[in-house]
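Data block below; observations after.
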Amino acid sequence: MLIFIENILSKDEVKQFRTHLETATWESGLKTAGSLARAAKQNMQLDDTTDLALSLRNHILRKLGNHPLFISVALPSKIYPPKFNCYQDGGSYGSHIDSALMPVPGTNVTVRGDLSATLFLSEPNEYEGGELEIESSHGNQSIKLPAGNMVLYSSGSEHRVKPVIAGARYASFFWVESYIRDEKQREILFDLDQSIQNLTSKVGNDDKHLLKLTGIYHNLLRSWATT
Ligand code: NI
């Protein structure tokens with residue numbers, strides 16, 4: 001499953017993020033690479049313990065919480081606090097699969113990575129290279145989105161970031177644990193929810209068949225969800 005979500009951040013918000021990020025202190029991304037990924041990772045990351053990182057990630061979490069498409073597609077139960085990275089000077093991240101279980105520092109919460117997210121904070125014309133390549137059953141997808149837009153993909157997919165050979169690529173990234181662990185079940189619920197929403201705008205809220213479909217959605221969610 002590969003889902004693109006536009007305008008998680010507005011262009012004005014991206015501008016504010018960038019002003020902060022471009023003057024922040026960055027550290028080597030190796031510090032937080034899991035054992036699966038360590039050898040492959042060449043980038044810079046923002047220190048998560050700073051007030052700046054805290055304020056930027058809370059801003060993103062607020063936007064996600066109010067985003068109907070994100071909620072519908074991810075059915076999130078937990079979100080790993082968003083992190084920030086920067087690739088430049090040939091920086092890249094070789095092929096890897098994200099770790100399955102991620103303890104959130106300073107808490108007793110562990111997030112199971114069902115979905116991985118990259119929120120682009122640089123425009124495609126600001127850097128060369130830096131495509132996020134994701135392997136899927138439909139072949140290799142090469143992704144480079146406008147700033148403020150996000151891609152969500154299955155955390156079980158092999159992926160990589162191609163070397164950034166000019167400019168700088170800023171992004172935020174995080175993982176989502178979904179109430180629906182099974183990807184196929186999540187897709188069925190997403191399709192059903194989208195159809196219900198489309199029908200609602202055509203036939204109105206009180207159509208009895210629509211009420212029945214909405215009930216079916218919730219009954220499927222009830223039998224499949226894990227909390
Ligand atoms: Ni990754």
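Indexing begins at 1, ligand by ligand and atom by atom, following the structure's order.
- The closest side-chain donor-acceptor pair between Asp193 and Gln197 falls under 3.5 angstrom.
- Evaluation of the side chain to side chain contact (heavy atoms under 4.5 Å, CB included) rule for Glu183 yields Met1, Ser154, Arg186, Glu187 as partners, not counting sequence neighbours.
- Between Phe17 and Phe84, the ring-plane angle classifies as tilted under the 30° and 60° cut-offs.
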Taking only distance into account, with no hydrogens and no angle test, what donor-acceptor pairs under 3.5 Å do side-chain atoms of residues 104-115 form with protein atoms, sequence neighbours excluded?
{"unit_1": "Thr107", "atom_1": "OG1", "unit_2": "Val104", "atom_2": "O", "d": "2.8"}
{"unit_1": "Thr107", "atom_1": "OG1", "unit_2": "Val109", "atom_2": "N", "d": "3.0"}
{"unit_1": "Arg112", "atom_1": "NE", "unit_2": "Asp114", "atom_2": "OD1", "d": "2.9"}
{"unit_1": "Arg112", "atom_1": "NE", "unit_2": "Asp114", "atom_2": "OD2", "d": "3.4"}
{"unit_1": "Arg112", "atom_1": "NH2", "unit_2": "Asp114", "atom_2": "OD2", "d": "2.8"}
{"unit_1": "Arg112", "atom_1": "NH2", "unit_2": "Ser178", "atom_2": "O", "d": "3.4"}
{"unit_1": "Asp114", "atom_1": "OD2", "unit_2": "Ser178", "atom_2": "N", "d": "2.8"}

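- Between Trp175 and Phe173, the ring planes are perpendicular. Angles over 60° get that label, and only those under 30° would be called parallel.
- For Glu22, the salt bridge (charged side-chain N to carboxylate O under 4.0 Å, His left out) partners at least two apart in sequence or on another chain are Arg18.
- Less than 2.8 Å away from the Ni ion (ligand 1), the protein contributes these N/O/S atoms: His96 NE2, Asp98 OD1, His159 NE2.
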